[in-house]
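Chain letters run A, B, ... following the sequence lines, proteins first, then strands; residues in each count from 1. On a predicted model such as this, the values are computed, not experimentally measured, just so you know.
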Amino acid sequence: MNSKPKQNNHLTFNEHCYELLLKIPKGRVTTYKAIAQALNCKAYQAVGNAMNQNPNPISVPCHRVVNTDGRLGGYAFGSDRKIELLTEEGIVVQDGKVQNFKTVFFDFTE
DNA sequence: GGAATGACATTTA
DNA sequence: CTAAATGCCATTC
């Protein structure tokens with residue numbers, strides 16, 4: 001019948017990215033690419049865009065996301081803030097880059 | 001419906 | 001290795 005579930009589940013990439021981010025354990029970081037791959041997509045930039053809007057910067061640890069090179073992409077609150085947060089998590093950040101990146105890197109496919 | 005944007009990635013010079 | 005240019009995808013105006 002008329003059950004028109006026109007419920008726009010409009011789960012945007014944004015929401016999906018948050019789900020993955022929430023799966024990241026403390027002291028670990030991930031890359032935009034890993035998130036996109038986890039979604040079976042290559043919207044590397046789309047993922048970053050989702051964070052840029054940052055609808056809930058507190059419900060989601062967007063500061064655990066870095067570039068594939070282990071470099072800190074950026075942060076809506078400021079890259080400095082991101083470094084501080086990561087450092088507090090136990091991640092070593094130097095020269096704006098994550099040390100032992102491969103060690104703290106969290107892969108969703110794992 | 002299309003143009004513009006962006007917290008990227010990849011390749012080449 | 002660093003720098004520049006190009007490509008990609010989704011969201012927003």
- Query: Among C/dT11, B/dA7, B/dA9, which is the nearest nucleotide to the side chain of A/N67?
  - Reply: B/dA9

- Message: If we ignore hydrogens and angles and just use 3.5 Å, is the side chain of A/K82 paired with the main-chain N or O of A/V65 as donor and acceptor?
- Response: yes

- Please tell me which of the listed nucleotides, B/dA9, C/dA10, C/dT11, lies nearest to the side chain of A/C41? C/dA10

- Rounded to the nearest 0.5 Å, how far does CZ of A/F106 lie from CZ of A/R64? 10.5 Å

- Within the pair A/Q45 and B/dT5, is there a side-chain N or O less than 4.0 Å away from OP1 or OP2? no

- Query: Once you round it to whole Å, what is the distance between P of C/dC8 and CG of A/N40?
  - Reply: 18 Å

- Message: If I take atom CD1 from residue A/I35 and atom NE2 from residue A/H16, how far apart are they, to the nearest 0.5 angstrom?
- Response: 13.0 Å

- Rounded to whole angstrom units, what separation is found between the NE2 atom of A/H16 and the P atom of C/dT11? 10 Å

- Closest of B/dG6, B/dA7, C/dT11 to the A/A46 side chain is B/dG6

- Query: If we only count heavy atoms from C-beta on, is the A/C41 to A/F13 side-chain gap below 4.5 Å?
  - Reply: yes

- Options C/dT12, B/dA9, B/dG6, nucleotide nearest the side-chain atoms of A/T68: B/dA9

- Query: Between atom NZ in A/K33 and atom C1' in B/dC8, what is the gap in whole Å?
  - Reply: 11 Å

- Atom CZ of A/R71 and atom C1' of C/dC1 are separated, to the nearest Å, by 11 Å

- Could you tell me whether the side chain of A/Y32 has a donor or acceptor atom within less than 3.5 Å of a complementary atom in the base of B/dA7? yes

- Task: On DNA chain B, check which nucleotide each of A/N49 and A/T31 is closest to and give me the residue with the more 5' one.
- Result: A/N49

- Message: Using only atom types and a distance under 3.5 Å, with no angle test, would you say the side chain of A/R71 pairs donor to acceptor with the backbone of A/V66?
- Response: no

- Item | Spacing of A/Y44 atom OH relative to C/dT6 atom C1', expressed in whole Å | 14 Å

- How many Å lie between CG on A/L39 and P on B/dC8, as a whole number? 17 Å

- Item | Euclidean distance, atom CD1 of residue A/I35 to atom C1' of B/dA9 [Å, nearest integer] | 14 Å

- Task: Using a 4.0 Å heavy-atom cut-off across all strands, classify A/A43 as base, sugar-phosphate, or nothing.
- Result: sugar-phosphate

- Length of the NZ-P vector between A/K97 and C/dC1, whole Å: 10 Å

